[in-house]
Amino acid sequence: MFGSVHRNSDPDNPNTLNGPRISQENEAQPTVTTGMSWELRVQSFVGLFILSIIASFCGSYLLLLTKITGFCIMTSISAILSLSSTCCLMGPCGQLKKMFDRSRWIASSLYILFIFLTLISGLWLKNAPLAIICTVGQYIAMAWYSLSYIPYAREAVAKIFF
């Protein structure tokens, strides 16, 4: 399993540690990036992503009930769960490296900032108009961040709007 010590199969030196490992075919091997097997990483991703969708639907329902602050909070929780789900696939360090790459760091920073500003304006300040503005900022920053993964998409969008 994780970090277990295996004895070398050398008959002359039975006390040698960390020798070659003989693995079984069906054994789930942990990965270097997360310490979780690929199956567990995918299951975690799917679980968090489903929770993200549920939070998003709950937020939409709150919007229909005109509970704007609740909508903004659930939208932020949904965004946090979505980011957490992708961390399961590529590991937290890999996710942070991609998010704060030279071409994405501004959009990523704004996305995270707007998530926290939405939570602050909804939970602490209880200011619905400010929470809506921050939620719109979240969506714009998330869209701009997502476009960075599609070659030339940002340039095409910039030509349309500017």
Side-chain angles (χ1 to χ4, degrees), residues 1-3 26-162:
M1 198 66 177
F2 306 122
N26 296 330
E27 184 179 4
Q29 296 291 323
T31 61
V32 177
T33 57
T34 63
M36 298 183 340
S37 69
W38 177 250
E39 283 180 11
L40 185 58
R41 287 171 41 195
V42 170
Q43 290 170 358
S44 300
F45 165 76
V46 170
L48 286 170
F49 193 71
I50 289 172
L51 287 175
S52 168
I53 292 170
I54 291 169
S56 182
F57 281 129
C58 289
S60 299
Y61 180 69
L62 289 171
L63 182 63
L64 291 175
L65 296 176
T66 64
K67 298 189 184 279
I68 302 300
T69 305
F71 160 74
C72 295
I73 291 168
M74 291 308 290
T75 300
S76 298
I77 290 171
S78 176
I80 292 168
L81 288 169
S82 292
L83 285 174
S84 299
S85 70
T86 56
C87 282
C88 292
L89 286 180
M90 62 182 65
C93 292
Q95 175 72 20
L96 288 173
K97 282 181 185 176
K98 285 194 176 276
M99 285 179 69
F100 293 100
D101 184 56
R102 186 175 52 89
S103 65
R104 295 185 186 101
W105 75 270
I106 293 174
S108 298
S109 299
L110 287 173
Y111 186 40
I112 292 169
L113 176 70
F114 277 119
I115 290 171
F116 287 112
L117 288 176
T118 304
L119 288 172
I120 289 169
S121 63
L123 290 172
W124 189 42
L125 300 175
K126 299 193 186 306
N127 185 338
L130 182 60
I132 291 172
I133 292 169
C134 292
T135 302
V136 170
Q138 262 186 62
Y139 282 120
I140 292 170
M142 186 260 312
W144 194 252
Y145 168 76
S146 299
L147 287 173
S148 71
Y149 286 96
I150 304 169
Y152 304 107
R154 284 182 170 179
E155 291 82 1
V157 171
K159 284 182 183 177
I160 293 171
F161 288 106
F162 302 112

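Hydrogens, waters and symmetry mates are skipped; everything else that's a heavy atom, side chains included, is used.
Looking at heavy atoms from C-beta onward, Thr75 lies out of side-chain contact with Ser56 at the 4.5 angstrom threshold. Counting only heavy atoms from C-beta outward, the side chains of Phe114 and Ile140 never approach each other to under 4.5 Å.
Ser85 contributes a side-chain N or O that, together with a main-chain N or O of Ser82, makes up a donor-acceptor pair within less than 3.5 Å. Put simply, the side chain of Arg41 gets close to the backbone of Leu89: a donor and an acceptor are under 3.5 Å apart. Put simply, the side chain of Ser78 never gets that close to the backbone of Met74: no donor and acceptor are under 3.5 Å apart.
Of all the heavy atoms in Leu123 and Lys126, the pair that sits closest is O-NZ, 3.3 Å. Taking both residues in full, the closest heavy atoms of Thr135 and Cys72 are given as OG1-SG, 3.2 Å, listed atom of the first, atom of the second, then distance. Nearest heavy atoms, Ala131 versus Thr118: O-CG2, 4.0 Å. Among all heavy-atom pairs drawn from Ser103 and Arg154, the shortest one is O-NH1, 2.6 Å.
Between the CD1 atom in Ile120 and the CG atom in Leu113 there is a gap of 8.5 Å [rounded to 0.5 Å]. Note: Leu83 CG to Met142 CE = 10.0 Å, rounded to the nearest 0.5 Å. Put simply, OG1 on Thr69 and CG on Leu62 are 10.0 Å apart, with the number rounded to the nearest 0.5 Å. The distance from atom OH of Tyr145 to atom OG of Ser109, rounded to the nearest 0.5 Å, is 11.0 Å. The distance from the CD1 atom of Ile80 to the OG atom of Ser76 is 6.5 Å, given to the nearest 0.5 Å. Rounding to the nearest 0.5 Å places CD1 of Ile68 at 11.5 Å from CD1 of Ile73.
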Could you list the donor-acceptor pairs under 3.5 angstrom formed between side-chain atoms of residues 93-100 and any protein atom two or more places apart in sequence or on another chain?
| residue | atom | partner | partner atom | Å |
| --- | --- | --- | --- | --- |
| Gln95 | OE1 | Thr86 | OG1 | 3.1 |
| Gln95 | NE2 | Thr86 | OG1 | 3.3 |

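Geometrically, Arg104 does not engage Tyr111 in a cation-pi contact, judged by NZ or CZ lying under 6.0 Å from the ring centre and within 45° of the ring axis.
Under a cut-off of 6.0 angstrom, the local environment of OH in Tyr149 is crowded, with over 12 non-hydrogen atoms contributed by other residues, nucleotides or ligands.
Taking the six-membered ring where tryptophan is involved, the planes of Phe49 and Phe45 are essentially parallel, since the angle between them stays under 30° and well short of 60°.
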